[in-house]
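Shown next, in structure tokens, is the structure this report addresses.
Being a predicted model, the structure only gives us computed values, none of them experimental.
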Amino acid sequence: MQTFLLLAASNIFMTVAWYWHLKGGMNKPLFSVILISWAIAFVEYCLAVPANRIGFASGWSAGQLKVVQEAIALVVFGIFMVAVLGEPLHWRHFAAFACIMGAVGFLFIGK
């Protein structure tokens, strides 16, 4: 559970680091946006690295850690896309998420 929560928190920071400037920040100089995004991403790394170490030490494989991170990233980005960027969700977003969740299932079968 600790791995999952740390990965979720890290994905929130990474989504903000990558996409915050698309809403109201397009007029900022690119170099400034990059520096701000790096500062936000530093927090993401401070959460993601321990999440992966804890998960790996608990018996998760690197593949399991990655595919869970991707599933979390899709959920976090979907929420960000709708709540912050104001973009609608379509059936293809849900289909893509179902495919990723299938990948999660395949990597955890028999574990």
Side-chain angles (χ1 to χ4, degrees):
M1 184 57 105
Q2 189 177 20
T3 297
F4 181 83
L5 293 175
L6 286 168
L7 286 174
S10 75
N11 269 283
I12 291 168
F13 280 98
M14 187 50 79
T15 299
V16 172
W18 283 9
Y19 300 104
W20 69 271
H21 56 91
L22 299 180
K23 183 75 171 201
M26 292 297 290
N27 59 347
K28 294 183 179 0
L30 183 57
F31 188 70
S32 297
V33 169
I34 291 169
L35 289 178
I36 292 167
S37 292
W38 279 356
I40 297 168
F42 175 75
V43 178
E44 184 269 341
Y45 272 69
C46 290
L47 297 168
V49 170
N52 286 304
R53 289 177 66 121
I54 291 166
F56 194 75
S58 298
W60 291 32
S61 71
Q64 289 170 326
L65 289 164
K66 181 59 180 173
V67 78
V68 167
Q69 181 274 326
E70 293 296 339
I72 293 168
L74 280 178
V75 171
V76 169
F77 182 76
I79 294 167
F80 186 88
M81 183 179 81
V82 172
V84 177
L85 300 178
E87 296 182 14
L89 286 174
H90 296 285
W91 68 268
R92 64 186 183 275
H93 294 105
F94 295 105
F97 181 72
C99 290
I100 293 292
M101 291 311 292
V104 171
F106 282 123
L107 278 179
F108 280 89
I109 288 175
K111 181 82 175 147

- Note on the structure: Residues Val33 and Gly25: closest non-hydrogen pair is CG2-O, 4.1 Å
- For Lys28, does its backbone N or O pair with a side-chain atom of Ser32 as donor and acceptor, under 3.5 Å? no
- Is it the case that one hydrophobic cluster holds both Met14 and Leu47, taking links as side-chain heavy atoms less than 4.5 Å apart, direct or via other members? yes
- Query: To the nearest 0.5 Å, how far apart are CD1 in Ile54 and CD in Gln2?
  - Reply: 4.0 Å
- Item | Linked, directly or transitively: Trp38 and Phe42 (ILVMFWY side chains, under 4.5 Å) | no
- Message: Is there a path of hydrophobic side-chain contacts, each under 4.5 Å between heavy atoms of I/L/V/M/F/W/Y residues, joining Ile40 to Leu22?
- Response: yes
- same_hphob_cluster(Val43, Tyr19) at 4.5 Å side-chain heavy-atom cutoff: yes
- Message: Please report the interatomic distance NE2(His21) to CD1(Ile34), rounded to the nearest 0.5 Å.
- Response: 8.5 Å
- Task: Examine Tyr45 and Leu65 and state if one hydrophobic cluster contains both, with Ile, Leu, Val, Met, Phe, Trp and Tyr joined whenever side-chain heavy atoms are less than 4.5 Å apart.
- Result: no
- Message: Go through it in stages, so that I can follow the logic: the residues are Trp20 and Ile36, the test is side-chain contact (heavy atoms from CB on, under 4.5 Å), and I'd like the CA-CA distance, side-chain angles, deciding distance and then a yes or no.
- Response: CA-CA 10 Å; Trp20 69 271; Ile36 292 167; 3.6 Å; yes
- Query: Are any of the side-chain heavy atoms of Ser37 and Trp18 separated by less than 4.5 Å?
  - Reply: no
- Task: Would you confirm whether Thr3, through its side chain, and Gly55, through its main-chain N or O, come within 3.5 Å as a donor-acceptor pair?
- Result: yes
Donor-acceptor pairs under 3.5 Å, side chain of residues 70-97 to any protein atom, not counting sequence neighbours: which ones?
unit_1	atom_1	unit_2	atom_2	d
Glu70	OE2	Lys66	NZ	2.8
His93	ND1	His90	N	2.8

- Message: Centroid separation under 6.0 Å, is that true for the rings of Phe108 and Trp60?
- Response: yes
- Would a distance-only check, ignoring hydrogens and angles, find a side-chain to backbone donor-acceptor pair under 3.5 Å from Ser10 to Leu7? yes
